[in-house]
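Chain letters run A, B, ... following the sequence lines, proteins first and then strands; every chain starts at 1.
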Number of protein chains: 2
Amino acid sequence: MKLNKNRTLRESIADALRDSIMQGQLKPGVKISEPALASQFGISRTPVREAFRQLDSEGFLQVLPRRGARVAPLSEKDVREFYEIKAELESYAARLATSRLTEKEIDRMEFLNNQMETFHREKDYKKVFNLHNEFHEVFIRAGGNEQLHHLLQMLASKFQRFRILLTIAGKSEGSIAQHREIIEAFRSKNPDKAARLVAENAIFGKEVIISEILGEMQ
Amino acid sequence: MKLNKNRTLRESIADALRDSIMQGQLKPGVKISEPALASQFGISRTPVREAFRQLDSEGFLQVLPRRGARVAPLSEKDVREFYEIKAELESYAARLATSRLTEKEIDRMEFLNNQMETFHREKDYKKVFNLHNEFHEVFIRAGGNEQLHHLLQMLASKFQRFRILLTIAGKSEGSIAQHREIIEAFRSKNPDKAARLVAENAIFGKEVIISEILGEMQ
DNA sequence: ATAGCTGCATCTGTATACAGTTTTTATACA
DNA sequence: TGTATAAAAACTGTATACAGATGCAGCTAT
């Protein structure tokens with residue numbers, strides 16, 4: 001983890017911590033020691049504390065007054081609720097995007113989805129995950145509601161540690177097939193169909209996570 | 001603004017600032033001086049800075065590295081986007097709530113709406129606003145998706161300074177009438193109708209704000 | 001007058017100090 | 001062996017100190 005830049009220490013620490021949590025290296029419920037982190041990075045507690053406040057508001061940490069910070073645990077209910085919200089918001093984005101997506105953008109979605117398939121076969125799941133995100137990003141952005149985009153970004157990163165499991169478990173074929181249908185709906189300028197398919201795609205993700213991933217994690 | 005409690009100074013400061021911003025006392029774009037605020041409350045800069053970080057993540061402040069904090073400005077586009085997101089999420093909540101709302105809860109909604117009408121006539125707009133929030137809260141909670149509730153809470157408070165203008169401008173009759181229809185839809189257990197009406201209620205709010213309020217503010 | 005520079009006052013980011021809490025460890029007791 | 005308790009250690013919240021960055025008033029030169 002590199003610190004130096006024009007960026008403040010607080011920013012660097014917040015980013016590093018957020019990444020570790022998103023990547024799942026820091027497990028839910030684990031206590032994060034302020035002094036330990038500070039000395040680990042060779043800095044004082046002040047910027048660490050400020051990073052904590054930020055990550056607390058973002059939902060990555062749970063900071064209890066006078067009892068320190070721990071990685072925010074996410075329950076099965078949280079995951080379920082997240083996917084249902086995602087389904088609503090992304091299908092809304094899809095509806096907005098239908099009339100706005102350029103042919104070039106749709107081509108790009110097709111390209112990204114094909115790449116996903118390739119890397120899925122090669123079992124390069126990290127790449128598959130990133131491509132998956134990029135695919136959704138295209139139509140969310142195209143919808144034109146920037147706050148919606150921002151909100152979905154925020155939610156996605158908060159639940160990244162779960163979403164990435166889905167990819168790693170090699171469960172992406174279903175999504176890839178669904179993406180083809182979504183592309184088709186966008187090409188034929190059918191907002192209702194696009195919205196419905198995008199919602200189904202999210203719910204599909206929820207089902208797989210709940211039944212196949214969370215079950216096994218106990 | 002009272003400080004003392006078991007609460008930390010940071011919490012108190014964050015709450016006080018957030019309130020001032022929500023209430024519109026602190027205007028968008030206004031710079032907030034860290035040392036001034038600290039001495040105004042008779043405390044050191046440390047808790048003030050931590051409160052800043054929190055409010056930045058929550059979207060109330062805009063903190064630029066080495067250039068201080070200012071109240072986050074909200075554009076007309078932001079307001080428009082907010083109401084559209086609210087329409088989607090609340091109508092989803094309404095759909096969920098339809099099968100779950102008890103008769104008692106629906107009665108309560110009716111009571112709250114009647115109170116709104118009373119206080120609207122008496123021009124006690126602060127009360128009208130709070131009742132309005134409570135009305136929506138009933139079915140959002142009843143939907144059972146706690147993260148959805150939390151998200152809507154967050155968004156509503158971020159845009160409270162605009163939403164409250166709507167009430168203060170005495171534009172609540174429309175909402176009150178729409179609420180009656182919504183109650184009716186809930187009573188007849190019609191989720192599609194409830195969802196549609198709730199979305200329309202949000203879009204109505206958007207229209208009024210945009211055309212009557214923001215126009216006049218220049 | 002305007003554009004650009006200079007130096008000062010102010011502010012921000014970070015480190016450090018310290019008191020009051022919380023947690024841990026150690027000890028005594030059942 | 002387990003539980004209650006007291007003392008110690010570690011941690012949190014806040015204050016303070018200070019160096020470097022920023023912004024502004026006034027000055028110079030065009």
Side-chain angles (χ1 to χ4, degrees), chain A residues 1-21 25-73, chain B residues 1-21 25-73:
Chain A
M1 314 190 189
K2 65 281 142 137
L3 286 189
N4 285 359
K5 280 286 174 187
N6 282 15
R7 293 143 34 78
T8 64
L9 290 176
R10 177 201 39 99
E11 291 174 297
S12 304
I13 296 290
D15 290 351
L17 265 180
R18 195 188 299 102
D19 278 355
S20 291
I21 295 171
Q25 291 150 243
L26 282 171
K27 295 272 160 32
V30 165
K31 180 161 190 216
I32 315 240
S33 160
E34 201 175 287
L37 232 161
S39 78
Q40 183 185 318
F41 282 87
I43 61 176
S44 80
R45 283 170 51 220
T46 312
V48 173
R49 284 178 63 79
E50 293 191 6
F52 278 15
R53 299 281 106 77
Q54 191 181 329
L55 294 173
D56 184 27
S57 302
E58 292 176 9
F60 291 96
L61 291 183
Q62 201 176 290
V63 184
L64 298 171
R66 271 172 278 276
R67 350 203 101 190
R70 50 191 64 245
V71 177
Chain B
M1 311 188 191
K2 66 280 142 128
L3 285 190
N4 285 359
K5 279 286 172 188
N6 282 17
R7 292 145 32 82
T8 63
L9 290 175
R10 172 193 52 88
E11 290 174 299
S12 305
I13 296 291
D15 289 350
L17 265 180
R18 195 189 299 104
D19 278 354
S20 291
I21 295 171
Q25 292 150 242
L26 283 171
K27 294 273 160 31
V30 165
K31 184 165 185 210
I32 316 238
S33 159
E34 201 176 286
L37 229 149
S39 78
Q40 185 186 317
F41 282 87
I43 62 176
S44 79
R45 283 170 52 221
T46 313
V48 173
R49 284 177 63 78
E50 294 192 4
F52 278 16
R53 298 280 105 77
Q54 192 181 329
L55 295 174
D56 184 28
S57 301
E58 292 175 12
F60 291 97
L61 291 183
Q62 201 177 289
V63 184
L64 298 171
R66 273 172 277 276
R67 353 201 102 190
R70 50 192 65 243
V71 178

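- Between the B:R70 side chain and the B:G29 main chain, a donor and an acceptor come within less than 3.5 Å of each other.
- Considering only the side chain of A:L9, C:dA15 comes nearest among C:dA15, D:dT12, D:dA21.
- Within 4.0 Å of B:R10, counting heavy atoms only, lie sugar-phosphate atoms of the nucleic acid but no base atom.
- Atom CZ of A:R49 is separated from atom P of C:dT16 by 16 Å (rounded to the nearest Å).
- Atom pair B:E50:CD and D:dG13:P shows a separation of 7 Å (rounding to whole Å applied).
- The side chain of B:R66 has C:dT12 as its nearest neighbour among C:dT12, D:dG13, C:dT14.
- Rounded to whole angstrom, the span from the CG atom of A:L37 across to the C1' atom of D:dA10 amounts to 16 Å.
- Of all heavy-atom pairs spanning A:S12 and A:R7, the tightest one is CA-NH2, 3.4 Å.
- Following rounding to the nearest Å, B:F52 (CZ) and C:dT12 (C1') show an atom-to-atom distance of 11 Å.
- The minimum heavy-atom distance between A:G68 and A:K31, with the atom names listed, is CA-CE, 4.2 Å.
- Of all nucleotides listed (D:dT14, D:dC11, C:dA15), C:dA15 comes nearest to the side chain of A:I43.
- Within 4.0 Å (heavy atoms only), B:R67 reaches sugar-phosphate atoms of the nucleic acid but no base atom.
- An OP1 or OP2 oxygen of C:dT14 is reached within less than 4.0 angstrom by no side-chain nitrogen or oxygen of A:S44.
- Regarding A:R7, its CZ atom lies at a distance of 11 Å from the P atom of C:dT14, rounded to whole Å.
- One can place CZ of B:R45 at 12 Å from P of D:dA15, the figure rounded to the nearest angstrom.
- In this entry the distance linking CG of B:L61 with P of C:dT12 reads 12 Å, nearest Å.
- Comment: A:D15 engages A:R18 in a salt bridge, judged by a side-chain N to carboxylate O separation of less than 4.0 angstrom.
- When rounded to the nearest whole Å, the span between CD of B:E34 and P of D:dT16 equals 15 Å.
- Exactly one of B:V48, B:V71, B:I32 qualifies for a side chain to side chain contact (heavy atoms under 4.5 Å, CB included) with B:L17. That residue is B:I32.
- For the pair A:T46 and C:dT14, the criterion of a side-chain N or O lying under 4.0 Å from OP1 or OP2 is not met.
- The 5' end of DNA chain C is approached more closely, in terms of each residue's nearest nucleotide, by B:I32 than by the other of B:I32 and A:P47.
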